[in-house]
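Please read the structure below before turning to the comments.
By convention in this document, chain letters (A, B, ...) are assigned in the order of the sequence lines, proteins followed by strands, and residues within each chain are numbered from 1. What's counted below: heavy atoms across the whole structure, side chains too, no hydrogens, waters or symmetry copies.
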Protein chains: 2
Amino acid sequence: MVNEARKELVFRRGEVMSREGEPIKSFMYLREGLVKLYKTNIHGKDQILSINIPGDFINLLSIFSTSAYKYSITALEETKVCEVNLDVIKKLVNSNSKFSLRLLNRISYISDEVIQNHFEINQKQVKGRVAYFLLFLADHIYKSHTYRMPVTRREVGELISMTTENTIRTLSEFRKDEIIGMDGKTISILDYERLVNIGRTG
Amino acid sequence: MVNEARKELVFRRGEVMSREGEPIKSFMYLREGLVKLYKTNIHGKDQILSINIPGDFINLLSIFSTSAYKYSITALEETKVCEVNLDVIKKLVNSNSKFSLRLLNRISYISDEVIQNHFEINQKQVKGRVAYFLLFLADHIYKSHTYRMPVTRREVGELISMTTENTIRTLSEFRKDEIIGMDGKTISILDYERLVNIGRTG
DNA sequence: TACAAAATATGACAAATATCATATCGATAA
DNA sequence: TTATCGATATGATATTTGTCATATTTTGTA
């Protein structure tokens, strides 16, 4: 049943996959790529909720609460998504209680994560926030101390609640202090321990 | 089945109803009173997630994600809770798909609310934050322009991410500007329109 | 009632962060 | 290819917020 309703979609970098306020028609499983979930405020500024990776149900937080998206989704790189019609999913909830329980677990886990991340960022100062983000990419996204940032400095600021200027300034400072190496979007963490320490304290 | 497993509990003001990290044993429905949900950070400072009112499932955000509480719950006033053993709830999810769907809707709604609130507060400055909180109490909790604040100034700060001093200072300023009247914990909103405007812009 | 602890209050100052200006670099499109 | 726009970069300055000190008031409890 689900197999028949399945549809593969491909999005290019920068493509908006769904927009805040639009009706939700399907359940989206991220197969390949990287996306950002974000809200746009009345002044047109974005705030990023989270960055999602393959294996994530990227619109799960919106699906059951309302018929409209609570946030927008944009691809940060070439992204493949598996879509299943929402009615099919709702029928599945009705017929398969194991599936329901797994969804409940997953939704709780996701919302916990978003809340926890923003609480942690909230209690840090600029250096701590940037360190936290660099470590997030290293530990959770790329599993490497060298990587190419998938976002602009402005987007980093939108995720960790800072201005673009301060984000850039802090990265420059880390480079001067030889905590990281930086060439455009390519980052290499030179002093992991120190970065961890900054991420904890400041 | 649920009726047999039901248990009524009463908590006094200030009593901790459940603590972050403790195992979750039951599903809690708030029948009467007012509670706060909060996380304590490594420095011992609390951050309040939300204030909950009768009708709320106060530990729903933790129940399905893990076996341990992700936040603590404390009664802000005399509070009555209806507890149902967690195993009974899980069996109900297995047997009743309508119930599962309602839980999914409710969890999504709650997490949306927590995230949305913190995003809104995050993009405001001190005056806007205090205004937002005063209006939250007036519009959502007490449905009146005059009320007795159920929390200390420190707790207000813990909810809207400000220091206690700045919270007190801002309230004093609102009183001097005759936007609110204030006598201890009793607040009366004198200029609702102006408060709404401050809450939107700043 | 009286005492201690917490909450409220306010000023002076320090620290953190945002804003504004300006420059260079790089990617993209006509 | 070149023009344009967005991204990166950095300094100077203004604004916001936090910290520390110190009183006063209120509250809970012995």
Problem - For B/Glu78, side chain to side chain contact (heavy atoms under 4.5 Å, CB included) partners two or more places apart - result: B/Val10, B/Arg12
Exercise for the section: Compute whether any side-chain donor of one residue and acceptor of the other, for A/Thr186 and A/Tyr147, lie under 3.5 angstrom apart. Expected result: no
Exercise for the section: Any chance you could list the contact pattern along nucleotides 19-30 of chain C? Use B for base contacts, S for sugar-phosphate-only contacts and - for none, protein heavy atoms under 4.0 Å, 5' to 3'. Expected result: BB-------S--
Practice task
Using a cut-off of 6.0 Å, state whether more than 12 heavy atoms not belonging to A/Lys143 lie near its atom NZ.
Solution key: yes
Practice task
Indicate whether any N or O donor in one side chain lies under 3.5 Å from an N or O acceptor in the other, for B/Asp112 and A/Tyr71.
Solution key: no
Practice task
Quick one: list whatever passes salt bridge (charged side-chain N to carboxylate O under 4.0 Å, His left out) with A/Lys127, sequence neighbours left out.
Solution key: A/Glu173
Exercise for the section: In plain terms, say whether A/Glu158 and A/Arg154 are close enough for a salt bridge, that is, a side-chain N and a carboxylate O under 4.0 Å apart. Expected result: yes
Exercise for the section: State whether B/Glu83 and B/Arg6 are salt-bridged, where the test is any N-O pair (Lys NZ or Arg NE/NH1/NH2 against Asp/Glu carboxylate O) under 4.0 Å. Expected result: no
Exercise for the section: Return the value, rounded to whole Å, for the distance between atom CG of B/Asp183 and atom C1' of C/dA9. Expected result: 14 Å
Practice task
Give me the bend of the helix from C/dT1-D/dA30 to C/dA30-D/dT1, using the axes of the five pairs at each end, rounded to 10°.
Solution key: 50°
Handout entry: Spacing of B/Lys124 atom NZ relative to D/dT15 atom P, expressed in whole Å
Key = 22 Å
Completion exercise
Between CE of A/Met162 and P of D/dA9 the distance, given in whole Å, is 13 Å
Fill in the blank from the handout: Here the salt bridge (charged side-chain N to carboxylate O under 4.0 Å, His left out) pairs for residues 37-65 of chain A, sequence neighbours left out, are none
Practice task
Could you walk me through whether A/Asp139 and A/Tyr192 pass the side chain to side chain donor-acceptor pair (under 3.5 Å) test, one step at a time?
Solution key: CA-CA 11 Å; A/Asp139 297 338; A/Tyr192 186 83; 3.0 Å; yes
Handout entry: Length of the NZ-P vector between B/Lys127 and D/dG18, whole Å
Key = 15 Å
Polar-atom pairs under 3.5 Å, protein N or O versus N or O of nucleotides 2-8 of chain C: list them with distances, or write none.
| unit_1 | atom_1 | unit_2 | atom_2 | d |
| --- | --- | --- | --- | --- |
| C/dT8 | OP1 | B/Lys185 | NZ | 2.6 |
| C/dT8 | OP2 | B/Arg153 | N | 2.8 |

Problem - Heavy-atom side-chain proximity of B/Asn85 to B/Val88 below 4.5 angstrom - result: yes
Practice task
Please say whether more than 12 non-hydrogen atoms of neighbouring residues, nucleotides or ligands are located less than 6.0 Å from CD in A/Glu178.
Solution key: no
Exercise for the section: Could you tell me the separation between the NZ atom of B/Lys176 and the C1' atom of C/dT10, rounded to a whole number of Å? Expected result: 8 Å
Completion exercise
The nucleotide from D/dA9, C/dT10, C/dA9 with an atom nearest the side chain of B/Ser172 is C/dT10
Practice task
For B/Glu173 and C/dG11, give me the distance from atom CD to atom P, rounded to whole Å.
Solution key: 11 Å
Handout entry: Protein-nucleotide distance (A/Arg175, atom CZ; D/dT8, atom P), rounded to Å
Key = 12 Å
Practice task
Please state how far atom CZ in A/Arg129 lies from atom P in C/dA16, giving the value in whole angstrom units.
Solution key: 13 Å
